[in-house]
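Values in this document were obtained by computation on a predicted structure and should not be read as measured data. Only this structure's heavy atoms are used, side chains among them; waters, hydrogens and symmetry mates stay out.
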Amino acid sequence: MDVKGEDGYELWLRYRKVDNADRLAQYREAIGSAVALGKSLTTDLIKDELARALPALLDSDVSLSEQEPAGNALVVGVAKELEALDVTIPPAQYRRLGEEGFLIRSHQVGGSDWILITGNAEPAILTGTFHFLRLLQTHQDIRDLDLGSSPRIGRRILGHWDNIDGSVERGYAGPSLWNWDELPTIDARYHDYARACASIGINGTVLNNVNAQAKSLTTEYLVKAAALADVFRPYGIRVYLSPLPSAPIRLGGLATSDPRDPVVTDWWKEKVEEIYRLIPDFGGFQVKANSEGQPGPQDYGADHDDGANMLAEVLAPYGGVMLWRAFVYDTSIDADRAKCAYKEFVPLDGQFRPNVSVQIKNGPVDFQPREPFHPLFGALEQTPMTLELQITQEYLGQSIHLVYLADMWKEVLDSDTYAEGPGSTVARVVDGSVYGHTLSSILGVANTGSDHNWCGHHFAQANWYAFGRLAWDHGLSAEAIIDEWIRMTWSNDKGIVEAIKTMMLGSWPACINYMTPLGLHHIMKEGHHYGPNPAFNAAWRPDWNNVYYHRADAEGLGFDRSSSGSNAVSQYHDPLREQFDGIDTCPEKFLLWFHHVPWDYRLQSGRTLWEELQFRYDAGVAFVEKMLDIWQGLQDGIDPQRHTHVGRRLKQQLKNARLWRKVCIDYFGHFADSDGD
Ligand code: GCW
C-alpha cells in the first residue's frame with residue numbers, strides 16, 4: 001500500500017506489483033519477454049502500454065522487442081504479423097472476431113509457450129492488450145488461454161455535455177476536460193482520457209453538449225475538434241459532434257433552417273464536407289431537436305424524420321451516422337409526459353434513412369434513480385435505436401453519493417420488451433439482433449471532468465468503467481464487472497474486495513430507497529436536481545411539477561398510468577402491459593410509477609403502503625450507515641488519501657439520505673395521516 005496516498009488519477013490502470021506469490025511466479029515464467037509486432041501509432045501505444053505495465057506488475061525487467069522471441073513470450077500482432085512468425089490461426093476464427101474483436105490464446109512453439117494477442121485490426125489488439133493486462137491486474141490464471149471477445153454493440157460512445165466556455169452541463173467533476181481556448185494545442189491529459197476509454201472498449205466520443213452552441217461548427221472550433229480526433233484516432237476512438245439544428249441561420253446567415261429547404265441542405269453539405277476534410281473518420285452527429293426549447297424541424301412544420309434524414313443523407317457518403325434523440329415531452333401531445341416520445345416517434349417508424357439511429361434514454365421520463373424501460377424499445381421495428389444512459393449522476397447524488405449504476409443498466413438491458421416474443425430484451429433490441437439491424441449503438445453521458453480523480457468521487461470511476469464494459473458485452477454481470485474494477489482500483493485482497501463489493505452492490509437499491517422507493521420519481525429539488533423537494537408545485541409548467549409526478553393526496557400516492565388512468569401501460573407489449581396494469585400484479589418496484597395506491601394498501605411484506613414507504617426510507621438510510629461502517633473498517637487496507645476522500649463523501653451522503661427521508665416522510669405523512677393511519 002502506498003502510505004502517502006493516491007489521488008485517483010491512474011483510474012483502474014494502476015499496475016501495482018502482483019502481490020500473490022504464486023501468480024507472480026506464473027506470470028514471470030510465462031512472460032519472459034514481450035513482442036509487439038507492427039509499425040503504426042497504435043502499435044506504438046501497445047508497446048508503451050506493455051512497457052509501462054509489465055515491469056510494474058511483474059516487478060522485473062521484461063524485455064520488449066519487435067523481433068521473434070526466444071523462450072516463453074507474450075506476442076501481440078494482427079494476423080499478417082503473426083503469419084510472418086509462422087503462427088497460423090484459421091481464417092474463420094479471425095472472421096468471427098470482426099473488426100474490433102480480439103483473441104488471446106496460448107500457443108506452443110518448439111519448447112516455448114507463447115501467449116498470442118491478435119485480431120484483424122490494430123485497435124482490436126490494443127483492446128486485447130488491455131484485456132490481457134486486466135487478467136494480470138486481477139490475478140487470473142493465464143495458463144491455457146483461449147479467449148475470443150467481440151463487441152455486441154458497434155458504436156460505444158461517451159457523450160459529453162461540455163460547453164465551449166469549459167462548463168459541463170450536469171458535470172460534477174470540475175470543468176470540461178477539453179480546453180477549447182488552448183486547442184488545437186494538445187494537453188497530455190487527452191491521451192490519458194483516450195487510453196482509459198480504449199482500455200474498456202469505448203470507440204466514440206461526442207465532444208460537445210446536446211444543448212448545442214452554433215459556434216462548435218465554426219472552422220475555428222472544427223480545427224480544435226480535429227486536433228482531439230488526431231489524438232484519439234490511434235486509440236480506435238472517433239469523434240462525434242452535436243450540431244445546433246438552427247446553425248444554417250446562426251452561422252450561415254440563411255433565413256431558415258428548414259431541413260426541407262434545398263438551400264439548407266446545401267449549407268449542411270458544405271459543412272459536413274469541411275468536417276470530413278478535417279476529420280476523415282468523423283463518427284457523425286448527435287441531435288437534440290424540439291426538446292426543452294431547442295430548435296428543430298418542427299419549428300417549420302416539418303418532423304423529426306425530415307430533420308434526421310436530411311442530415312443522414314449528407315453524412316451517408318462519408319459513412320457518418322445520425323443519432324437523433326427521442327427525449328421529447330410536449331405535454332400538449334399527451335398529458336402524461338412518459339407517453340409523449342412514443343406518440344411522436346412510433347408513427348415515424350420506417351421513415352428514417354438507414355444511417356439514422358433514434359437515441360432513447362433508458363426510461364420514459366428522465367434518468368431517474370429507477371424507471372421501467374422506455375416503451376419505444378419495444379415499439380420501433382424498422383429503426384435502429386441507441387440506448388442513452390447517464391453515467392453522470394444528475395439525479396443520483398451527483399459526485400457526492402456512492403452509487404454503482406451497473407445494476408440499474410443491467411435491469412434495463414435485461415428487460416424483456418416481448419416485441420418479438422419472449423427474449424426480445426432491450427439489450428438485443430439495441431445490439432440489433434431482434435430486428436437484424438447492422439447499425440447498433442449505445443451512449444453514456446460522461447461523468448468526467450478536469451478534477452484530478454476524473455469523476456469527482458473515486459467510486460464514480462466505476463460507473464465510467466462499467467459503462468464501457470457493458471457496452472462491449474451486455475452479457476457481463478454487474479458483479480463480475482465490479483470484481484474486476486475493485487481489484488484494479490483498490491486491492492486484490494479478498495477481504496477488501498468482498499467488503500467493497502457489498503458496499504457497491506447495495507448502493508443503488510439503497511439510493512432508490514432513500515430517494516424514490518416503490519416507483520416514485522421526479523421529486524428532487526428543481527434546477528440543480530440535488531436533494532428532495534416533493535412539495536414543488538409551480539403551476540407554470542406541469543411537466544416540471546413534482547406534485548404532478550407523485551400525486552399524493554388523502555387517498556394515496558402514485559401516478560395512475562394504468563388503463564383507468566393515463567394508460568401508459570398500453571405502450572408496452574403483453575404480458576407486461578397486463579402485469580403493469582394490475583395493482584396486484586405490477587412489480588412493487590414500479591408500483592407508484594403505474595398506480596395511485598391507497599395508503600392502506602397491503603404490499604407483499606404485509607405492511608401498508610405508508611408503513612412500507614417508511615420502511616424503505618429507513619432501509620436506505622441504514623445501508624448508507626453500513627457503507628460508512630464498512631469503509632471505516634478498511635482504513636488499514638486503503639491508502640489514506642483516497643480513504644479520507646471517500647469517507648468524507650460517505651458522511652455527506654448519510655446526511656443527505658437522512659434529509660431525503662425526513663423531507664419525504666414529513667411531506668407524505670401529512671397525506672397518509674389525514675387518512676387516519
Ligand atoms: O435530464 C435533463 C437535464 C438537462 C439535459 C436534458 C437532456 C442536456 O436536466 O440538463 O440537457 O435532460 O437530456 O437533453
Side-chain angles (χ1 to χ4, degrees), residues 13 31 33-55 62-69 73-89 91 93-95 97-105 107 114-134 148-151 154-156 184 186-205 225-239 276-283 318-319 468 472:
L13 299 169
I31 311 171
S33 63
V35 179
L37 303 163
K39 285 202 185 330
S40 70
L41 292 174
T42 304
T43 48
D44 286 347
L45 295 175
I46 294 173
K47 287 168 199 163
D48 285 352
E49 202 60 38
L50 292 174
R52 182 198 299 232
L54 293 177
V62 178
S63 89
L64 196 68
S65 76
E66 294 166 21
Q67 314 293 320
E68 178 156 357
L74 176 69
V75 181
V76 189
V78 292
K80 68 171 185 327
E81 304 284 356
L82 289 188
E83 269 165 31
L85 297 187
D86 282 337
V87 176
T88 38
I89 292 173
Q93 294 194 12
Y94 273 112
R95 273 199 300 277
L97 295 177
E99 194 178 329
E100 293 186 296
F102 59 82
L103 190 67
I104 304 179
R105 173 174 290 182
H107 181 84
W114 290 358
I115 295 171
L116 308 175
I117 303 178
T118 189
N120 291 308
E122 280 160 352
I125 56 173
L126 175 63
T127 317
T129 300
F130 278 114
H131 193 88
F132 177 72
L133 293 173
R134 178 151 55 229
S149 181
S150 309
R155 293 179 187 249
R156 304 172 302 280
I186 295 303
D187 186 311
R189 191 160 187 176
Y190 304 149
H191 285 276
D192 296 337
Y193 163 85
R195 176 174 164 252
C197 287
S199 77
I200 48 176
I202 286 169
N203 66 2
T205 178
L228 287 171
D230 290 343
V231 171
F232 300 160
R233 188 166 301 114
Y235 295 89
I237 298 168
R238 289 163 181 237
V239 155
Y276 278 93
R277 209 174 335 111
L278 291 164
I279 311 174
D281 56 349
F282 181 68
Y318 307 95
W472 182 273

Subject >> Within 6.0 Å of CD in Glu99, more than 12 heavy atoms from elsewhere >> reply: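 No, the 6.0 Å shell around CD holds no more than 12 heavy atoms from other groups.
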Subject >> N/O donor-acceptor pair under 3.5 Å between Arg238 side chain and Gly236 backbone >> reply: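 The answer is no, because no donor-acceptor pair under 3.5 Å joins these two groups.
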Original post:
For the side chain of Tyr190 and the backbone of Phe232, is there at least one donor-acceptor N/O pair under 3.5 Å apart?
Top reply: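 Such a contact is absent between Tyr190 side chain and Phe232 backbone.
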Identify the two heavy atoms, one from [X] and one from [Y], that lie closest to each other, and give their separation to 0.1 Å.
X: Ala227; Y: Ile186; result: O-CD1, 3.8 Å
X: Gly128; Y: Ile104; result: O-CD1, 3.6 Å
X: Ile279; Y: Ala229; result: CG2-CB, 3.6 Å
X: Leu50; Y: Pro55; result: O-CD, 3.5 Å
X: Leu13; Y: Arg195; result: CB-NH2, 3.6 Å
X: Glu100; Y: Gly154; result: OE1-O, 3.7 Å

Original post:
Under the side-chain contact (heavy atoms from CB on, under 4.5 Å) test, which residues partner Ser150, sequence neighbours left out?
Top reply: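 Partners of Ser150 by the side-chain contact (heavy atoms from CB on, under 4.5 Å) criterion, ordered by chain and then number, come out as Leu97.
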Original post:
How would you list, by chain and number, every residue that makes a side-chain contact (heavy atoms from CB on, under 4.5 Å) with Glu66, sequence neighbours excluded?
Top reply: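 If we apply the side-chain contact (heavy atoms from CB on, under 4.5 Å) test to Glu66, skipping adjacent residues, the hits are Lys39, Lys47.
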Would you give the length of the straight line joining atom [atom1] of [X] to atom [atom2] of [Y], rounded to the nearest 0.5 angstrom?
X: Gln67; Y: Leu37; atom1: CD; atom2: CG; result: 9.5 Å
X: Tyr235; Y: Leu126; atom1: OH; atom2: CG; result: 8.5 Å
X: Thr129; Y: Glu49; atom1: OG1; atom2: CD; result: 8.5 Å

Between [X] and [Y], is any pair of side-chain heavy atoms under 4.5 Å apart?
X: Val75; Y: Ile117; value: no
X: Arg233; Y: Pro280; value: yes
X: Arg105; Y: Ile89; value: yes
X: Ile125; Y: Val78; value: yes
X: Leu54; Y: Leu133; value: yes

**OP:** Would you list the pairs meeting side-chain hydrogen bond (donor to acceptor under 3.5 Å, both in side chains) in which at least one residue belongs to residues 118-128, sequence neighbours left out?
**Re:**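 Those involving residues 118-128 are Ser40-Glu122, Tyr94-Thr118.
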**OP:** Applying side chain to side chain contact (heavy atoms under 4.5 Å, CB included) between Trp114 and each of Val35, Leu74, Leu85, report the one that passes.
**Re:**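 When side chain to side chain contact (heavy atoms under 4.5 Å, CB included) is applied between Trp114 and each of Val35, Leu74, Leu85, only Leu85 qualifies.
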Original post:
According to the interplanar angle, ranging from 0 to 90°, do the rings of His131 and Phe102 count as parallel (below 30°), tilted (30 to 60°) or perpendicular (above 60°)?
Top reply: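 The rings of His131 and Phe102 sit tilted, inter-plane angle from 30° to 60°.
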